[in-house]
Each structure stands twice: as structure tokens, then as C-alpha cells.
Amino acid sequence: MRIAFYAPMKPPDHPVPSGDRAMARLLLKALAHGGHDVALASRFRSWQGGPDHGRQARLAAVGEGLAAKLTRRYSALPETERPQAWLTYHLYYKAPDFIGPTIAKRLGIPYLLLEASLAYKRAGGPWDIGHRAALAAVEAAHTVMQINPEDAECIPAETRQRLLPAFLDGAGDRRAMAQRDRLRAELAQRWDLPGDCPWIVVVAMMREGDKLASYRILAEALSGLTAHPWRLLLVGDGPARSAVEAAFEEALGAASGRVCYLGVLSQSQVAEPLAAADLYAWPSVNEAYGMALLEAQACGLAAVAGDRPGVTAILRDGETGILVPTGNVQAFAQALMRLISDPQLCRNMGAAAAANVAHRHDLSAAADGLSAVLEEAVR
């Protein structure tokens, strides 16, 4: 099937790494895996960080012009080369789709959304244009596919919705997991880490707001566990790096030397510390679902994470890890302590996590789910 793909928040080839970009690229890979011919329809970014009515109006006008231009281009193609469906990824009031609904209607093809949310409190305020455009897109959609179950709650009840479990291409993770002993020895030598104590790993950008809040909770939780010889591996960087370092120094004091900053790693490199570690930990403050958590589980790591709707769709409490109330420092510390002090339980949960990802969250499962929705829409 020929599919026109669009990501209004950030195109899949955007130079700045992010979970959103990674997911867009995975979607393209899953669609190709399912035998579909996918073309990026536009790199136009409708996203804006702050409410600016004038800028929203200009973005809407640019989108309208692009929709007309693309419609003419597609209409000039032979019918056998035109897209048979339009798929927009990650739509909300800050990143509405000003292009897809118009083109799909004019070409007479189904318009589909993957990961869409609505915030009705934005109606009539400074985000009104973005909200109304997002609402119009949802109303135009044949089907809205959701990765985070929480997003489904804000979509009108009459909208056709399908749950697509978060997924990844686990081939690289499985290869890394098979080389765990070698990778652990190499990392221990490179970063001067003791190989005989538990390694806790985190993969997250260092930004103000929810990310920094999660780092601070983690630092506080670990401050009560300094009697145990763990090490913390942090993968990521960002504008709040100094604030993250300060949080661990304040919470851990002399034990802050146990924190190892690995910096930003490529997608293939991230699997190495994940496979080499013993446990993944992330408080998940306002986390949607967390691709890094999924990658960690694919590498065979048990996880301690905040109890968020998207996270619960990935982590099975008591089976592949432990869920704790978001923001509860004491509960987070207790969950960490439980797994640190019981290595066999930690390994068992990690093995269950890898099996769960391979069965339910791998590329093939996603390809089948996407194909089923696309074929239904085209029929």
C-alpha cells in the first residue's frame, strides 16, 4: 500500500535526537516491514513551544498553502502512484496537522492518526487555533491509533480508536544482550566501574521540567541506599546537565562519585550500557510511555518506574519490574532496594521483560497491527 506519512511535531530525519523522532523512524520501519511503500509527505513543522496566536495563524496559512500544492502534485500523478492513505504521527494542540485532512479529503483517501490527544481546556485561549486544528483532524480521521492508553480518554467517544502497543526493533537489543559479559567488562574498564556490584542505568535527556523532576526523585531515592555498593550509569545530556549533577551531589554527598555520566550515545550504542547493567530506574514524572524503558526491557532489564498509564502498558508490575506511585520517593527507594538485594528476582524479572517485549512489542507485531488498520481503512 502507498502511504503518505507526516509528523507535524518533528520529521523523522530531524537532526536533534528525541523519543518523538525515534518513534517516527520506527513507524517508517514497521510500515516497510509490513510491505508498504511509505513516502514522507512533508517536513513542515507546525510545532511551537509557547502560545503565540499570530504565529499559529501564520503556520495555519503555510499549511493551507502546502496542502493545495501537494494536492496538485499528487493529482498529477497516475492513479497507480498516488498515495492510498495518509498517516499523521503525534498530533496535539502544539503540533496540529494543517495539511493531511485537506489532502486526504481532496484525494478521496482515508486519513489516519497515530498518537493523537486533545486538550479541551485550550479552546478559546491562546492555543485556540492549534486546538481547533487538532480537533478537526481527529474528527476527519477514519481511525486514531493510540500508543499511550491515556490519550484515548480525551478523544470523542464516537471516534474509532485502536491500541497499538509501543514497539521497537529489538534485533540490536537481543544482540547486545547476548554479549552482556563482554560489554560489562569493557564498560567497567572504560569508566572504572566495579563489576561485582549492581549497576542501575537511566537513559533520558537532561531538560528542565518533568525530566529534571524525575532525576531529582531518583537522586533522593538513592540517598537512602548508600550503604549498598551500587553504581548509577546516566545516558543522556542536555541544558539541565548542571542541575542534574547538583541534584545528585546534594542528595548523595560523598557518594555522588558513584554516578557515572556516559553522555549522549547513538541509538546502537545505547543498547550496550542497557545490556551490561542490572536494573533500569526512572520515576516517570508525566511520562507518556518511555521508549528508553521499552529498550531497557528488550535488553533483559527489570525496571522500577513511576505508575503512569503509558508505563503500565509496557511494564507488568511484579512480573517485569515494579511500579510505584509517581513522585513517591520512599516507595521508589524501597522498590530499588528490593531488586538490589535480590539479584535472582532481578534477573527473573529481566528475563520476563525481554520475553514480553519480543512477543508483544517487537517490530513484527507493530507491522501486523498497522497493516490491519490500514487495510480496513482502505476497504
Side-chain angles (χ1 to χ4, degrees), residues 1-7 9-14 17-40 84-85 87-90 112-116 143-149 151 162-180 203 265-272 274-275 280 288-301 303 310-316 320-321 350-378:
M1 188 181 302
R2 297 179 302 280
I3 302 164
F5 180 87
Y6 176 50
M9 183 173 177
K10 184 181 290 183
D13 55 0
H14 193 276
S18 69
D20 192 77
R21 186 194 72 164
M23 192 66 218
R25 296 171 74 169
L26 274 170
L27 278 168
L28 295 178
K29 185 177 286 190
L31 289 165
H33 187 81
H36 303 287
D37 181 8
V38 190
L40 185 62
Q84 295 169 280
L87 175 59
T88 290
Y89 165 65
H90 201 175
L112 300 112
L113 291 171
L114 196 151
E115 202 171 342
T143 304
V144 177
M145 293 174 277
Q146 300 287 25
I147 295 176
N148 184 357
D151 290 335
R162 298 287 185 272
L163 180 64
L164 181 74
F167 66 95
L168 45 66
D169 183 357
D173 300 314
R174 289 188 289 272
R175 286 193 297 271
M177 189 167 54
Q179 303 174 64
R180 180 182 188 277
V203 180
L265 301 179
S266 69
Q267 192 66 34
S268 59
Q269 291 173 323
V270 166
E272 296 178 3
L274 289 176
Y280 189 84
Y289 49 87
M291 282 300 297
L293 173 60
L294 194 60
E295 291 166 354
Q297 299 229 306
C299 287
L301 286 187
V311 174
T312 60
I314 296 173
L315 190 154
R316 298 185 176 187
T320 69
N356 180 53
V357 171
H359 174 68
R360 191 165 183 265
H361 299 282
D362 205 15
L363 199 68
S364 295
D368 291 343
L370 287 164
S371 293
V373 172
L374 286 162
E375 289 164 8
E376 177 190 9
V378 170

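Heavy-atom basis, side chains included; hydrogens, waters and symmetry copies ignored.
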Determine the minimum heavy-atom distance between [X] and [Y], stating which atoms define it.
| X | Y | result |
| --- | --- | --- |
| A367 | A30 | CB-O, 3.4 Å |
| A354 | G300 | CB-CA, 3.9 Å |
| G172 | A271 | O-CB, 4.4 Å |
| A7 | P12 | CB-CD, 4.5 Å |
| H361 | A166 | ND1-O, 2.6 Å |
| A377 | L112 | CB-CD2, 3.9 Å |

Could you state the interatomic distance from [atom1] ([X]) to [atom2] ([Y]), rounded to the nearest 0.5 Å?
| X | Y | atom1 | atom2 | answer |
| --- | --- | --- | --- | --- |
| D368 | H33 | CG | NE2 | 7.5 Å |
| N148 | L164 | CG | CG | 12.0 Å |
| D151 | L113 | CG | CG | 11.5 Å |
| H90 | L27 | NE2 | CG | 11.5 Å |
| Q297 | T320 | CD | OG1 | 4.0 Å |
| L168 | L26 | CG | CG | 6.5 Å |

Practice problem: Any pair with a residue in residues 166-175 that passes salt bridge (Lys or Arg N to Asp or Glu O under 4.0 Å), sequence neighbours left out, goes on the list, sorted by first then second residue, please. | Solution: K29-D169, R174-D362

Quiz item: For R162, which residues count as a salt bridge (Lys or Arg N to Asp or Glu O under 4.0 Å) partner, sequence neighbours excluded?
Solution: E376

Self-check item: Counterpart residues, salt bridge (Lys or Arg N to Asp or Glu O under 4.0 Å), relative to R360 (two or more places apart)
Solution: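 Residues passing salt bridge (Lys or Arg N to Asp or Glu O under 4.0 Å) with R360: none at all.
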
Quiz item: So, Y89 side chain and M9 main chain: donor-acceptor pair closer than 3.5 Å or not?
Solution: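 Pair absent, no side-chain N/O of Y89 close to backbone of M9.
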
Quiz item: Is it true that a side-chain atom of Q146 and a backbone atom of L163 form a donor plus acceptor pair closer than 3.5 Å?
Solution: no

Exercise. I would like to know whether L87 and L31 meet side-chain contact (heavy atoms from CB on, under 4.5 Å); could you show each step before the answer?
Key: CA-CA 11 Å; L87 175 59; L31 289 165; 3.9 Å; yes

Quiz prompt | Derivation of the side-chain contact (heavy atoms from CB on, under 4.5 Å) call for F167 and M23 | solution = CA-CA 9 Å; F167 66 95; M23 192 66 218; 3.0 Å; yes

Self-check item: Test log, rule side-chain contact (heavy atoms from CB on, under 4.5 Å), inputs L370 and H36
Solution: CA-CA 10 Å; L370 287 164; H36 303 287; 5.9 Å; no

